[in-house]
K.L.:
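Pasting in a structure now, in structure tokens, and then I'll have a few things to ask.
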Amino acid sequence: MRGVILPGREWVEWREFDRPEPGHGQVLVKMKASGLCGSDLRAIYHEHTGSGAERYQNVIAGHEPSGRVEAVGPGVGGFEPGDRVVVYHILGCGRCEECTKGFMIGCSSRERAAYGWQRDGGHADYLLAEARTLLHLPDELTYTDGALVACGFGTAYQGILRAGVSGRDTVLVVGLGPVGLGVVMLAASSGAEVIGVDLTPERLELAGKAGAAHVLMGGEDAAGEIMELTGGQGAEVALDCSGSAPGRLLCLETVRTWGRVVFLGEGGSVTFEPSPLLLHKQLTLHGSWVCGLHEMGQLLEHLARKGLNPETTVTHTFPLSETKQAYEAFDAGKTGKVVILLEDA
Ligand SMILES: [Zn+2]
Ligand SMILES: [Zn+2]
């Protein structure tokens with residue numbers, strides 16, 4: 001089978017691998033859709049900058065896999081050949097506190113391994129998965145929807161849950177890359193009035209399609225425009241999906257008193273004065289990292305019930321043989337979500 005390695009310095013390398021045989025508790029998944037994530041660019045594609053959970057070990061890349069069960073190993077219950085599945089992209093030890101909560105993302109064991117980081121991921125014809133990292137993909141959703149849920153939309157959903165978003169809220173979303181667009185779609189589908197902010201017109205347009213009531217260009221005027229849109233009060237909820245200092249500050253500055261702020265965007269740093277921006281405004285500030293297995297299952301159910309398809313945020317698809325072009329397009333920063341579709345999907 002074919003598989004793609006990301007050696008760094010924008011290289012995309014092809015290799016031939018033996019098709020794996022599922023062992024005890026394992027499932028062989030015929031890959032159908034494999035998403036590209038901002039984390040792949042940030043920590044792998046340019047340079048292998050990650051450490052700990054983000055240390056890339058020259059395995060087959062891609063941590064947003066969705067596909068069809070090809071074969072199951074001994075001891076696997078609940079999955080059969082032909083089943084459509086999403087892969088929760090981190091395998092934890094199953095015993096530590098975070099694992100027992102379903103948050104394998106936060107597993108503290110040395111056994112922890114993420115697909116596409118420390119064990120083979122989705123940019124390949126087949127993926128060898130542990131059955132306990134699989135979720136059934138509802139009939140209403142496509143494989144591309146499934147790939148988006150595996151990381152980006154899961155992350156977006158957890159942000160919505162952390163902030164307790166409801167139809168009473170005006171929700172500011174700063175940074176409209178794939179996660180930001182997911183937040184827009186999920187917040188709007190919860191009945192909230194969504195304001196989206198980004199620096200590229202292409203992404204503002206995508207946010208409008210995803211359900212944002214207002215879209216604004218970032219920059220000096222953004223804070224004033226947000227205050228104007230919210231009657232001078234600010235938004236009840238603000239989620240930063242940009243990972244940038246100005247984006248994070250904009251959230252803190254334009255959320256109203258007693259508001260809730262969630263930092264979802266990875267990387268970078270921020271400096272601010274806690275007294276005027278956090279304490280005196282009585283804010284709640286959450287950090288949020290991906291989601292738990294249970295939340296991912298809940299998200300799949302929510303999407304199916306609401307008739308939502310995350311794939312509407314996808315702007316570019318490529319066959320596996322054009323993975324290099326896929327990364328180049330995504331790296332240019334003007335795309336929505338970029339997904340690799342397996343040729344015979
Ligand atoms: Zn990711
Ligand atoms: Zn664990």
Side-chain angles (χ1 to χ4, degrees), residues 4 6 25 33-46 48-50 52-57 59-66 86-123 127 129-130 132-133 135 144-159 175-183 186 241-243 263-268 287-296 299 310-311 313-314 323 326-327 330-331 333 335-340:
V4 171
L6 299 176
S34 185
L36 274 59
C37 178
S39 306
D40 294 320
L41 292 181
R42 183 173 47 79
I44 304 178
Y45 176 67
H46 295 291
H48 297 176
T49 55
E54 291 196 332
R55 189 163 44 95
Y56 174 64
Q57 292 186 315
V59 293
I60 294 172
H63 64 265
E64 302 189 344
S66 182
V86 178
V87 182
Y88 179 93
H89 72 266
I90 308 102
L91 175 74
C93 69
R95 300 179 303 275
C96 72
E97 192 175 342
E98 287 304 293
C99 278
T100 53
K101 283 194 290 192
F103 277 80
M104 293 190 281
I105 180 76
C107 176
S108 51
S109 163
R110 273 192 297 181
E111 295 164 41
R112 181 195 189 279
Y115 298 93
W117 297 89
Q118 296 92 31
R119 62 179 285 160
D120 286 336
H123 295 354
L127 169 75
E130 304 296 320
R132 63 190 172 89
T133 59
L135 293 155
T144 302
D145 292 330
L148 269 59
V149 166
C151 176
F153 266 68
T155 302
Y157 186 60
Q158 176 73 15
L176 301 170
V179 171
L181 292 173
V183 173
L186 295 169
C241 305
S242 74
F263 285 178
L264 283 176
E266 293 269 5
S288 186
W289 190 25
V290 192
C291 68
L293 196 60
H294 171 71
E295 286 74 17
M296 198 169 277
L299 169 59
E311 74 171 17
T313 64
V314 173
T323 304
Y327 273 91
F330 190 38
D331 189 36
T335 65
K337 190 72 180 177
V338 179
V339 175
I340 292 164

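Read the numbers this way: they start at 1 and go in the same order the structure lists the ligands and their atoms.
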K.L.:
Apply the test side-chain contact (heavy atoms from CB on, under 4.5 Å) to residues E295 and Y88: give CA-CA distance (whole Å), side-chain angles for both, the deciding distance (0.1 Å), then the verdict.
P.N.:
CA-CA 11 Å; E295 286 74 17; Y88 179 93; over 6 Å; no
K.L.:
Which of the protein's N, O or S atoms come within less than 2.8 Å of the Zn ion (ligand 2), not counting waters?
P.N.:
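For the Zn ion (ligand 2), the protein N, O and S atoms that sit under 2.8 Å away are C93 SG, C96 SG, C99 SG, C107 SG.
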K.L.:
From the options L181, T155, L264, select the one residue that forms a side chain to side chain contact (heavy atoms under 4.5 Å, CB included) with C241.
P.N.:
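It is L264; the other options fail the test.
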K.L.:
Salt bridge between E111 and R95, side-chain N to carboxylate O under 4.0 Å?
P.N.:
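Answer for the salt bridge query: yes.
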K.L.:
Output the distance between atom CG (D40) and atom OH (Y327), rounded to the nearest 0.5 Å.
P.N.:
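If I round to the nearest 0.5 Å, the distance is 4.0 Å.
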K.L.:
Test of geometry: compute the angle NE2(H63)-the Zn ion (ligand 1)-SG(C37) and round it to 10°.
P.N.:
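Reported to 10°, the angle equals 110°.
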K.L.:
Using the side-chain contact (heavy atoms from CB on, under 4.5 Å) rule, take Y157 and M296 through it: C-alpha gap first, then chi angles, then the decisive distance, then the call.
P.N.:
CA-CA 8 Å; Y157 186 60; M296 198 169 277; over 6 Å; no
K.L.:
What's the spacing between L186 CG and Q158 CD if we round to 0.5 Å?
P.N.:
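The CD atom of Q158 is 12.0 Å from CG of L186, to the nearest 0.5 Å.
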